[in-house]
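These notes are about the structure you will find just below.
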Amino acid sequence: MNATLRNVVPEQELLRFYEQMFISREFEERCAEQYAKGNITGFLHLYSGQEAVAVGATAGLHRDDYILSAYREHAQAIVRGADPRRVMAELFGKSTGLCKGKGGSMHLFDPSLNFMGGYAIVGGQFPIAVGLAFASRYRGEDRITACFFGDGAVNQGTFHESLNWAQLWQLPVLFICENNFYGIGTEVHRSSALASIHKRTCGYDIPSEKVDGMDVIAVYRAVKYAAEKVRESGRPYFIEATTYRFRGHSMADPAKYRSAAEHDVWKARDPLPNFARKLLEDGIATRDVLDDIEAKCRQTVDEAVSFAEESPWPEDSAVWEDIYV
Amino acid sequence: MNATLRNVVPEQELLRFYEQMFISREFEERCAEQYAKGNITGFLHLYSGQEAVAVGATAGLHRDDYILSAYREHAQAIVRGADPRRVMAELFGKSTGLCKGKGGSMHLFDPSLNFMGGYAIVGGQFPIAVGLAFASRYRGEDRITACFFGDGAVNQGTFHESLNWAQLWQLPVLFICENNFYGIGTEVHRSSALASIHKRTCGYDIPSEKVDGMDVIAVYRAVKYAAEKVRESGRPYFIEATTYRFRGHSMADPAKYRSAAEHDVWKARDPLPNFARKLLEDGIATRDVLDDIEAKCRQTVDEAVSFAEESPWPEDSAVWEDIYV
Amino acid sequence: MSEMTYRDAINLALKEEMRRDPSVFVLGEDVSLYEGSFKVTRGLLAEFGEERVRDTPISENTIIGVSVGAAMGGLRPVAELMTVNFALLAMDQIINHMAKIRYMFGGQTFLPMTIRMPGGGGSQLGAQHSQSLETYFMHCPGMHILYPATPADAKGLLKSAIRSNDPVIFLEHELLYNCKGEVPDDPDYVIPIGTAEVKRSGDQITIVAYARMTVLALEVAKLLESEGISCEVVDLMSLAPLDTETILTSVRKTGRAVVVDECWSTCGLGAEITSRIYTHCFDILKAPVKRESGLDVPMPYSRHIEKLCIPQVDTIVRAVREVMSGSY
Amino acid sequence: MSEMTYRDAINLALKEEMRRDPSVFVLGEDVSLYEGSFKVTRGLLAEFGEERVRDTPISENTIIGVSVGAAMGGLRPVAELMTVNFALLAMDQIINHMAKIRYMFGGQTFLPMTIRMPGGGGSQLGAQHSQSLETYFMHCPGMHILYPATPADAKGLLKSAIRSNDPVIFLEHELLYNCKGEVPDDPDYVIPIGTAEVKRSGDQITIVAYARMTVLALEVAKLLESEGISCEVVDLMSLAPLDTETILTSVRKTGRAVVVDECWSTCGLGAEITSRIYTHCFDILKAPVKRESGLDVPMPYSRHIEKLCIPQVDTIVRAVREVMSGSY
Ligand SMILES: Cc1ncc(C[n+]2csc(CCOP(=O)(O)OP(=O)(O)O)c2C)c(N)n1
Ligand SMILES: Cc1ncc(C[n+]2csc(CCOP(=O)(O)OP(=O)(O)O)c2C)c(N)n1
Ligand SMILES: [Mg+2]
Ligand SMILES: [Mg+2]
């Protein structure tokens, strides 16, 4: 196992995975706190539990590759490199936020990182991802587009139209479904006739596979392999990562539709402690090293909160800015 | 062969198939004439070449079953029992038309025949068909819903949403794709990543099959079988009938995107002369019998044209009627 | 009369109509097991069961299309779109189909269906989740549009909607769900579609408003009373058909008007109402009519600028004062 | 100057802009091999090849979404929706995405894209294929809306649209495609977005119109000249941003106005323009402003009743005469 891990990923990378997962979790939990305090408002969808997907997938992509996601995207933005301070400031609605406070939690965006947005309309990002991939090919860029979405999004018309289109035009899109088994309160088999989501690509001749989304290494390997396939072939590929959100859909949801037993099963598969255990068992890190990483993450998030608190509100005039060029 | 035909369908039925196909063709060709004269205006999409699908499929359904279609639906309405005079009057825009002249060629409707409409938005009829099927089940009616559509419609979001929905809710919908290989000027493999349309139902676990849409008996058998399956199981089924339109997409289309050679191949498969030949060969009809049928059809269409010509225009006040109950 | 929230009044109307008529059923995303994302359908599954209270996939256009088909097939669907913003995914079925089917089929069918949609801004939900799209529906003939301001109206109007044989769009304001009011207990309490109501009498100026804007207008009227400005508040309730007569009668009395709408200003419903007032009251107007509308911007997230985009008590007060001090 | 049709002027603008800028590409249903269902994209495939002139599946929402993505990725897509009616299938990408993306992402990206859409009624296409949806686009901030009346304007405006760094909706009237006019040969002939034009001077009454309604208004003006009624015709050209100043300047001169729009009357753009005229010209108006609009009905097929639903030369004449004989 030790050998395997090290063979797959350099030691420093493994520690980075842990750090990224940890800061993602920490960030979300602090968001919940700030929401309770009234510093964050609106809809807030936390990613806790799904960290292995964002971290593994992002590591499997090139930095030039485009990433798009839905509204549960804080971790994806941060893992791609967004400054946690500016993400938190965005959530506070401050002018120093990633989108000047105009987007909020659901609409993070940073083109300097090729992070092409969080979208709040379920399924809205599919065609946009296809269009970005077309632009890359048209311009002769060596880049693919990774499009994240949830299990609930696969029944939108855009899913179908976009998968067909990506394959028809032979575009380099990597579709990554984060199947956390629920769209708000609706379990996947209650919204999808074929609940095994990766199988739904058969109607478009798009190759697909399922991966354990609680295992950061598995996600990393699958995405790395798939991304290279997409890059070489110029054609789409589809990954379903099975995972779980430990919290409700949003802060308004106590998630009573899930049993405690179900929750426990998944809690036992929490990617953070499990990956930490592996790192320790395999001798890749000592507890001290992990403690240092965790402390550093906590501090970063502390700073993010302070930064957000101290930042100014947008000027009134901002209302009229950024509509037209 | 003789035995087979007679075994499958009673003799009188076979003659009725011929009559229905013939009147459908005759009706369309007279429409073309009336369009040239300026008596029919707007968009006019003719069915010539596809008659075996409407006739075979309708015969495979119960009279109580709902039928919905797109805008190329004159034959489907007439075969279901709509009065050709009132259909022609509708095309002329007369007040005696099936829809009082308000619908026109693309919007035939006759609830007394359970003919639930022609729709001009590609893919618009899918969800409506699903809703009708739900109403039938809810009300405990022993009826299924047959939904006709073209090969071009399968890439609309509604196709996907509706197939998933029909299977998820377990509704008695029979999807019948008339694959005439073109959506206006676009050949099916240029719009669908998976050009074998019946295979596209794999993502919804809906059984499907392909049938020769130029063979009225084949269509009849397939639909009869499928309709019973749908009726018994209460679940959707999908038929792809391969066919060809001998004319352009609409009267405005000279159809230059198809080769003469391709056209010839399909012309040789014209369901009318081929079925006539079979009836003669199998001794089911003499040439005289067929001549009589043809003459009768011509007369019916003549009468339809006269009726339409002589009918009055809608009153001005009709503009404000039929919006609200 | 019982005191209850706007949410509970809607819930009650749903239950009463479902009890009354077995052809009424409810469908939408998370309306059944989850009892609605705004909890409006609470208790429905328990009372009416799975066949009549149906969760759907996230397929908005098909939710409406299925409702159209079900209505054509003899049922009375009450569809919920989780918020009005998602109606933009269903415009094909709403505008191209629902609103036209009766007409284009020559009156041979009718669609007794209701679409319920929470909407409105002010909750820091950002540009894609804060729209007020009432004008989009009003512009298209073939359906009725209702938008209640109070719990009682919510009950009475929703019951009319469900009983109507025409398609009805029933809008609910997200910020009103927790507002309380007295609601008639009568299970046949219905408010006729197409009637506006003078919610407060006054004789110096008319404020025309609807939904949450009516609530603000009433606050404004109360506030300004102490300054000696007497405002009459006309609550539209039905956006389509629009009860022009009630508006004009009020303006003919007061001679001045402010029209408040929450949607984007340009081509918003305030333009239509203002235009009607001018056309019919031109000769008796004492001052130009003023529109107090949502700003023509996508909604920003940050609450400090979001509030600048939606009419507020103080901006309406300002508008009223301006019209009061204006003259011809 | 060369004489050509509205169709050919659009075609020329497309070709010139594609020659000028390799990032411009065209996509839509049947735009490539079939050269467009109205033959507007004739010759494009031959000159620019398959990568730049792209047929798409019948997936309207995705046509717009792909254009949004391509624009974000550095291209200048020019999407054709076969007719404006199908925009209702794409409202999610148009209104929820295209119009909001720049704003909600804090100005960090921009979408230099154009959507071309033929539209309008009068060809006996029935309720689902005869809509005039310009008001739906005007109501939503975040995009420009252009709608030319002449071949020259079609060329100049489409070129501005394609060069614009903001999303532009470019409407084309189906009944104007064969109309001819003189068109400037200059490959840099552009008409600034946001400017209306006085297409005919007059001093007794202003007719505000756009697209095919401008063509009718000009006929009306000519007709009425012989009766001694001098009409000024303001052609909007840009529906958003709306050039209010040009409208008001004209009305201030004439003191009377008829606003002609082809869309449904209620909450149509005529309401907005009328409301602006009243608000700003109240004191100088000599008679009430009249709106001559499409009827609030789904479009019937039969030509004998269809024509009652769209403003015609004689109905506009009647409206002008009415305003001329009215007074305050
Ligand atoms: C078009 C649309 N319909 C409905 C919603 C409301 N909504 C927000 S999230 C959600 C569930 C999505 O579930 P899934 O795709 O599985 O993502 P997850 O929340 O599990 O990450 C719904 C229905 C929406 N935002 N957009
Ligand atoms: C939503 C929508 N998009 C585009 C069109 C224009 N259009 C009319 S028919 C058609 C092609 C449809 O082809 P297919 O489904 O194969 O049917 P066929 O005409 O071959 O019978 C198109 C694109 C439309 N009517 N509706
Ligand atoms: Mg999910
Ligand atoms: Mg076809």
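By convention in this document, chain letters (A, B, ...) are assigned in the order of the sequence lines, proteins followed by strands, and residues within each chain are numbered from 1.
- With a 4.5 angstrom heavy-atom cutoff, A:L168 touches chain D only via side-chain atoms.
- Summarising the geometry of A:A135 relative to D:A70, their closest heavy-atom pair is CB-O, 3.8 Å, with the distance given to 0.1 Å.
- A:N164 contributes atom CG, which lies 10.5 Å from atom OG1 of D:T56 (distance to the nearest 0.5 angstrom).
- Using a 4.5 Å heavy-atom threshold, the side chains of A:C99 and D:Q108 count as touching.
- Within the 4.5 angstrom heavy-atom criterion, no atom of A:L68 approaches chain D.
- Side-chain rings of A:Y119 and D:F105 approach one another, their centers coming within less than 6.0 Å.
- Environment of CD in D:E50: sparse, with no more than 12 heavy atoms of neighbouring residues, nucleotides or ligands closer than 6.0 Å.
- Within the 4.5 Å cutoff, no side-chain heavy atoms of D:T62 are placed close to those of A:F159.
- Smallest separation of non-hydrogen atoms from A:I128 and D:M72: CG2-CE, 4.3 Å.
- Neither the backbone nor the side chain of D:P112 comes within contact range of chain A; no heavy atoms are under 4.5 Å apart.
- Contacts between D:L27 and chain A at a heavy-atom distance below 4.5 Å involve the side chain alone, from C-beta outward.
- Heavy-atom contacts from other residues, nucleotides or ligands closer than 6.0 Å to NZ of A:K199 number 12 or fewer.
- Judged by distance alone, with hydrogens and angles left aside, the side-chain atoms of D:Y103 form a donor-acceptor pair with the main-chain N or O of A:V319 at under 3.5 Å.
- Closest of all the heavy-atom pairs between A:W165 and D:P57 is CE3-CD, 3.8 Å.
- Proximity to chain A (any heavy atom under 4.5 Å) is shown, for D:L111, by neither the backbone nor the side chain.
- Of all heavy-atom pairs spanning D:E60 and A:E161, the tightest one is N-OE1, 4.4 Å.
- With a threshold of 4.5 angstrom between heavy atoms, D:S164 does not approach chain A through any atom at all.
- Heavy atoms closer than 4.5 Å to chain D are found nowhere in A:A133, neither backbone nor side chain.
- Both the backbone and the side chain of A:S162 have a heavy atom closer than 4.5 Å to some heavy atom of chain D.
- Ranked by non-hydrogen atom pairs under 4.5 Å with chain A, the options D:H144, D:H97, D:K100, D:Q93 are led by D:H97.
- Looking at every heavy atom in both residues, D:D166 comes nearest to A:I323 through OD1-O, 4.4 Å.
- Only the side chain of D:N96 comes within contact range of chain A, with at least one heavy atom under 4.5 Å from a heavy atom of that chain.
- Counted within 6.0 Å of CD on D:E47, heavy atoms from surrounding residues, nucleotides or ligands total more than 12; the atom is thus considered enclosed.
- Note: A:R139 leads A:M116, A:R139, A:Q125, A:M106 in heavy-atom pairs under 4.5 Å with chain D.
- Remark: the D:R102 side chain and the A:Y324 side chain contain no N/O donor-acceptor pair separated by less than 3.5 Å.
- With a threshold of 4.5 angstrom between heavy atoms, A:E321 approaches chain D through N, CA, C or O but not through any side-chain atom.
- Interface remark: A:F126 contributes no atoms to any contact with chain D (heavy atom separation under 4.5 Å).
- The distance from the CZ atom of A:F109 to the OG1 atom of D:T109 is 4.5 Å, given to the nearest 0.5 Å.
- With a 4.5 angstrom heavy-atom cutoff, D:D92 touches chain A only via side-chain atoms.
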